[in-house]
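Worksheet: the structure to be examined is printed underneath.
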Amino acid sequence: MALRQRRQSGLGALSADRVPGSWAAGAVSGGVSVIRWVSACIDRPVGELGVAAEFWSAVTGCGIRAENVAGFVGLTSSDSDEWLEIQGVHSGSGGVHLDLSVDDVRVFSERAVAAGASVVADHGVWRVLASPAGLLFCVAPWKGESRRPRPFRDPAGGVSRVHQVCLDVPPSRFDAEVDFWASITGWERDVSGLPVFSRLWPVVPVPVRVLFQRLGEERAASAHLDVASADRPATRGWHETLGAVFVGEWPAWTTMRDPAGGVYCLTRGDPTVE
């Protein structure tokens with residue numbers, strides 16, 4: 001969930017006004033609660049939390065801030081609002097989940113449930129829900145976030161930005177999962193022309209978009225981070241000096257494993273516009 005909500009509530013995890021007037025105008029209208037901001041929460045084994053924090057801090061150019069709730073680390077930047085955090089999980093290798101900041105948590109959650117979500121935990125000020133495919137996400141009150149992160153230029157000269165969460169969904173659940181997220185976000189749907197991919201484009205200034213990948217087998221849905229890079233070989237080399245491991249290469253992306261064991265992808269694209 002959003003870092004400030006956790007600090008203020010003292011609750012655990014999952015088991016300013018800088019807003020443009022036209023964008024800020026539609027708070028809660030007609031029973032619809034708008035998504036104002038999206039953060040990506042990187043889930044890694046709790047014993048690897050420090051390793052994960054050091055790596056993702058280095059590759060994004062963010063600072064590390066320990067939270068007052070055990071098992072959480074915030075990544076901070078002076079020129080953007082909070083959009084990345086790391087959570088220690090007690091089972092599995094971890095992945096990533098979305099934190100949605102909205103005008104009204106109750107209204108949005110009810111709409112998500114009507115669209116096919118289920119409520120996993122209700123902490124009052126924020127809630128944990130699961131999508132139809134079983135992917136967890138958090139819903140918390142919007143606190144005025146609006147400053148998008150800038151691309152990061154690493155010491156090797158590469159330019160990149162964490163820009164996307166990819167939801168990896170089995171074939172039998174793919175269409176329903178895409179329909180669900182399109183319904184609750186209201187974002188424009190982009191079909192690449194390839195049946196294996198679909199994408200939702202968020203409303204500016206939301207910093208994280210959502211990509212859907214149809215898996216080639218029936219297994220549990222999962223999620224991973226995508227990092228847009230202007231020069232994938234250069235970015236890969238920099239990440240490898242920090243402990244990342246190369247997994248595989250495809251025309252439009254490079255799959256990597258971070259030092260904490262989590263898989264992510266370097267994607268082809270311009271990080272200044274992605």
Side-chain angles (χ1 to χ4, degrees), residues 1-15 28 32-44 46 49 52 56 65 67-76 81-92 94-145 162 164-169 177 180-181 183-187 200 202-203 206-212 220-225 262:
M1 71 169 286
L3 296 177
R4 279 179 287 182
Q5 271 77 51
R6 260 204 307 269
R7 285 199 297 272
Q8 291 166 354
S9 66
L11 295 170
L14 306 181
S15 116
V28 180
V32 175
S33 182
V34 177
I35 296 174
R36 300 296 193 178
W37 191 255
V38 177
S39 301
C41 185
I42 303 166
D43 304 313
R44 294 294 184 263
V46 67
L49 186 61
W56 286 102
R65 178 175 58 214
E67 296 302 307
N68 62 3
V69 178
F72 293 93
V73 172
L75 299 183
T76 65
D81 288 316
E82 298 172 353
W83 63 291
L84 281 176
E85 57 185 323
I86 305 173
Q87 169 181 286
V89 296
H90 294 278
S91 63
V96 64
H97 71 266
L98 293 164
D99 286 350
L100 310 180
S101 297
V102 303
D103 298 308
D104 187 299
V105 170
R106 180 189 60 80
V107 170
F108 184 89
S109 298
E110 290 175 354
R111 180 156 61 92
V113 169
S118 57
V119 177
V120 176
D122 185 347
H123 297 289
V125 72
W126 63 282
R127 296 179 182 182
V128 182
L129 284 80
S131 74
L135 293 169
L136 298 180
F137 62 98
C138 294
V139 182
W142 178 53
K143 296 296 183 181
E145 298 94 337
V162 175
Q164 184 168 265
V165 169
C166 180
L167 307 184
D168 304 306
V169 185
E177 189 73 3
F180 166 77
W181 286 97
S183 173
I184 68 168
T185 61
W187 296 345
L200 295 179
V203 176
V206 171
V208 180
R209 70 189 190 191
V210 182
L211 177 71
F212 303 86
S222 59
H224 67 267
L225 279 184

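What you see is a predicted model, and the numbers here were worked out from it, not measured in a lab.
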OG1-CZ distance between T185 and R209, expressed to the nearest 0.5 angstrom
14.0 Å
Heavy-atom distance under 4.5 Å between the side chains of W187 and I35, does that happen here?
yes
CZ of R65 to OG1 of T76, rounded to nearest 0.5 Å, is 5.5 Å
Quick one: OG on S222 to CG on D43, what's the gap to the nearest 0.5 Å?
11.5 Å
Calculate, to the nearest 0.5 Å, the distance between atoms SG and CG belonging to C166 and L211 respectively.
4.0 Å
Nearest 0.5 angstrom please: D103 CG to W142 CH2, how far?
7.0 Å
Donor-acceptor check, side chain of W181 to backbone of I184, threshold 3.5 angstrom: yes or no?
no
Between H97 and Q87, is there a side-chain heavy-atom distance shorter than 4.5 Å?
yes
Just by modelled atom types, is the I42 backbone N or O under 3.5 Å from a matching donor or acceptor in the W56 side chain?
no
Counterpart residues, side chain to side chain contact (heavy atoms under 4.5 Å, CB included), relative to A133 (two or more places apart):
S131, V169, R173, E177, A221
Taking side chain as C-beta onward, heavy atoms only, is L49 less than 4.5 Å from F72?
no
Starting from the C-alpha separation in whole Å, work towards a yes-or-no answer on side chain to side chain contact (heavy atoms under 4.5 Å, CB included) for D168 and H224.
CA-CA 8 Å; D168 304 306; H224 67 267; 2.8 Å; yes
With salt bridge (Lys or Arg N to Asp or Glu O under 4.0 Å) as the rule and sequence neighbours excluded, what pairs involving residues 123-139 come up?
D122-R127
Residue pair D81, W37: steps toward the side chain to side chain contact (heavy atoms under 4.5 Å, CB included) verdict:
CA-CA 10 Å; D81 288 316; W37 191 255; 3.9 Å; yes
W83: what forms a ring-ring contact (aromatic ring centres under 6.0 Å, His included) with it, not counting sequence neighbours?
none
CG-OG distance between L84 and S39, expressed to the nearest 0.5 angstrom:
7.5 Å
If the test is side-chain contact (heavy atoms from CB on, under 4.5 Å), which one of L129, L167, V128, D99 qualifies with F137?
L129
Any donor-acceptor N/O pair, E145 side chain to K143 backbone, under 3.5 Å
yes
